[in-house]
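For the numbers below, each heavy atom of this structure counts, side chains included, while hydrogens, waters and symmetry mates do not. All residue numbers in this chain count up from 1 along the given sequence.
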Amino acid sequence: MAKKLAHLIQSVQTISVHGNMENEISLLTYDSRNVTADAVFFAIKGTQVDGHNYITNVIEKGCKAIVCEVLPAELNTGIAFIQVSNTSEAMALMAAEFYNHPSKKLILVAVTGTNGKTTVASLLFSLFRKFGHHVGLLSTVQNQINETVIPSTHTTPDAIRINELLQQMLEAGCEYCFMEASSHAIDQNRIKGLHFAGVLFTNITHDHLDYHVTFDNYIKAKKKLFDDVNDDAFALTNKDDKNGMVMLQNTKATRYTYSLKSMADFKVKIMEADFDGMLLNMNGDEAWFRLVGEFNAYNLLAVYGAAFLLGKDKNEIITLLSSLSSVNGRFDLIKSANGIVAIVDYAHTPDALKNVLATINGVRTNNEQLITVVGCGGNRDAAKRPVMAYVATKYSNKVIFTSDNPRNEDPEIILDEMQKGVDPVHYKKTLRITNRKEAIKAAVGMANKGDIILVAGKGHETYQEINGVKHHFDDKEILKEMFELMQ
């Protein structure tokens with residue numbers, strides 16, 4: 001695939017253009033290590049690295065086209081320079097052009113929110129596969145084209161990769177694609193230039209303030225997804241979230257709401273619940289679903305609403321949706337031979353942890369103890385650490401604080417910051433075991449028949465990142481290993 005530079009920049013607002021725009025381009029990249037003579041290099045100012053510092057390097061490697069915000073002092077006559085106000089935005093628009101706007105040929109639906117994105121997107125993928133469609137998925141857990149799984153490194157890939165994956169989906173015959181849209185991705189223009197058939201909002205709570213700085217900035221990043229969609233799309237929001245209706249304020253899309261607690265276009269009521277599932281009344285129809293908890297009632301309702309707005313029959317939606325299981329690492333149940341129930345969940349925000357604990361406490365008899373193993377990630381929003389500890393100790397019988405993904409931080413300092421959030425009345429119910437495997441082992445050792453262990457924070461992840469190195473680590477594997485030793 002090769003296109004002339006002049007063609008690629010036709011939808012980009014340029015400040016100035018220098019050099020030959022007739023160059024044939026066959027590669028787009030923002031990584032200087034990948035540059036070739038027929039590539040466009042995008043000099044992006046990132047949070048860690050400024051791509052402008054690599055312009056000299058890519059020229060030496062033979063690159064003939066560069067998109068940047070700040071022009072070099074001297075312009076090489078053999079190089080095409082395109083100056084723009086925002087390189088990441090230009091890259092997204094040029095990537096869409098390069099891959100022939102694949103999002104316009106797919107029915108593309110994006111899900112944003114603090115919690116629930118992965119579950120909603122993954123359930124929509126599975127549901128539409130059950131309907132018999134060829135479908136693509138872009139999610140935290142994995143990217144997928146029908147049955148082909150492509151490991152994911154970010155909640156939302158970069159703009160070039162997104163368009164490449166969408167094009168691959170088209171080539172595989174896909175009609176639909178469901179994707180998570182993280183606040184980082186929206187803010188960094190990774191989804192700029194995509195055409196959405198629908199956008200969904202799950203909820204918004206305290207998270208990612210290490211990046212967005214203020215909660216208001218975080219809300220605005222989510223809202224931008226709704227502000228930018230066309231009038232041929234639908235916008236579906238959680239009416240029960242206090243910022244749910246904010247998402248719809250300026251959207252051109254047709255507006256819809258879903259709710260457990262108030263009047264809305266899509267309504268659900270929990271009739272019964274246990275650790276194996278829930279009986280739900282969804283817009284007047286009752287069915288048993290395999291997911292557990294109020295937060296999953298919201299997720300299922302969002303999926304139901306989106307599928308209905310995409311033209312599916314409501315009875316067929318409920319029949320197929322009720323057959324689906326939970327997403328990997330989201331309220332994953334593992335039971336020991338002697339009746340201990342272990343739950344692995346990705347809950348890594350205070351609200352998500354509170355939701356999972358509330359779900360467990362809503363189902364249990366209180367004749368058993370609830371033991372929670374939890375930590376907080378390093379190099380991330382530190383303000384939530386004491387809140388996570390407060391939530392864990394308030395809603396559990398025993399809590400073991402442990403390491404999550406410390407990344408480049410000292411795990412002991414992370415745990416110190418978490419423990420500041422523990423109410424003195426709960427001191428006696430807490431333990432601190434930094435080694436995560438030992439913490440899980442201790443929780444299993446404390447548990448008796450019928451007790452419940454929640455291992456929170458990492459969910460589907462199969463690694464633990466320590467000092468920049470990812471070591472194999474799977475909470476579910478550890479639990480199964482410990483349960484086998486008990487037999």
Side-chain angles (χ1 to χ4, degrees), residues 13 47 85-86 88-89 92-93 96 103 108-121 124 138-140 154-159 162 177-262 264-266 295 298-299 301-303 305-306 309 349-352 381 383-384:
Q13 286 191 329
T47 53
S85 59
N86 188 307
S88 63
E89 181 177 314
L93 295 172
S103 65
L108 177 63
V109 176
V111 186
T112 196
T114 306
N115 304 311
K117 292 189 300 295
T118 300
T119 298
V120 172
L124 279 166
L138 300 175
S139 81
T140 303
H154 294 80
T155 301
T156 315
D158 66 74
I162 288 174
C177 174
F178 301 101
M179 69 178 289
E180 294 182 51
S182 70
S183 57
H184 291 71
I186 299 166
D187 187 62
Q188 294 168 6
N189 295 304
R190 290 185 230 162
I191 60 171
K192 188 77 175 177
L194 298 183
H195 181 271
F196 292 104
V199 290
L200 282 78
F201 171 76
T202 58
N203 51 66
I204 191 163
T205 61
H206 193 289
D207 200 19
H208 299 308
L209 299 195
D210 53 316
Y211 176 86
H212 294 289
V213 182
T214 69
F215 192 61
D216 187 52
N217 287 342
Y218 184 36
I219 292 170
K220 285 176 180 175
K222 299 286 188 191
K223 185 176 178 294
K224 192 172 186 289
L225 173 65
F226 288 76
D227 292 349
D228 290 351
V229 291
N230 295 331
D231 58 8
D232 58 349
F234 69 81
L236 177 60
T237 194
N238 178 358
K239 194 176 180 182
D240 294 342
D241 186 280
K242 63 182 180 181
N243 288 295
M245 299 309 288
V246 172
M247 299 296 142
L248 303 183
Q249 284 175 353
N250 304 107
T251 188
K252 296 185 286 292
T254 307
R255 305 168 187 191
Y256 299 92
T257 57
Y258 65 96
S259 170
L260 268 75
K261 300 171 183 175
S262 58
D265 297 296
F266 303 100
F295 63 98
Y298 278 107
N299 292 335
L301 184 59
V303 172
L309 293 172
T349 67
D351 191 64
D381 186 0
K384 71 182 179 186

Who are the ring-ring contact (aromatic ring centres under 6.0 Å, His included) partners of Phe178, not counting sequence neighbours? Phe128

For the residue pair [X] and [Y], what are the closest heavy atoms and their distance?
| X | Y | result |
| --- | --- | --- |
| Leu93 | Gly193 | CD2-CA, 3.9 Å |
| Leu248 | Ala235 | CD2-CB, 3.8 Å |
| Ala181 | Ala110 | CB-CB, 4.2 Å |
| Thr257 | Asp265 | N-OD2, 2.9 Å |
| Leu236 | Ala306 | CD2-N, 3.7 Å |
| Ser259 | Asp240 | OG-OD1, 2.7 Å |

For Leu225, the option from Val111, Ile186, Thr251 that meets side chain to side chain contact (heavy atoms under 4.5 Å, CB included): Ile186

Among Thr112, Val109, Thr202, Leu301, which one satisfies side chain to side chain contact (heavy atoms under 4.5 Å, CB included) with Val120? Thr202

In the structure I gave you, are the side-chain heavy atoms of [X] and [Y] within less than 4.5 Å of one another anywhere?
| X | Y | answer |
| --- | --- | --- |
| His195 | Leu108 | no |
| Thr114 | Tyr218 | yes |
| Arg190 | His184 | yes |
| Met179 | Phe196 | yes |
| Leu200 | Lys117 | no |
| Tyr298 | Asp241 | no |

Any chance you could measure [X], atom [atom1], to [Y], atom [atom2], to the nearest 0.5 Å?
| X | Y | atom1 | atom2 | answer |
| --- | --- | --- | --- | --- |
| Asp158 | Gln188 | CG | CD | 10.0 Å |
| Lys222 | Asn217 | NZ | CG | 13.5 Å |
| Ile191 | Ile162 | CD1 | CD1 | 7.0 Å |
| Ile204 | Asn243 | CD1 | CG | 6.0 Å |

Whether the side chain of Asn238 engages the backbone of Asn203 through a donor-acceptor N/O pair (distance < 3.5 Å, no angle test) should be reported. no

Would you say Glu180 and Thr140 are linked by a side-chain donor-acceptor pair, where the criterion is simply a distance under 3.5 Å? yes

So Phe266 and Tyr256, would you call those rings parallel, tilted or perpendicular, with 30° and 60° as cut-offs? tilted

Kindly state each residue pair satisfying salt bridge (charged side-chain N to carboxylate O under 4.0 Å, His left out) with at least one member in residues 226-237, sequence neighbours excluded. Lys223-Asp227, Lys224-Asp228

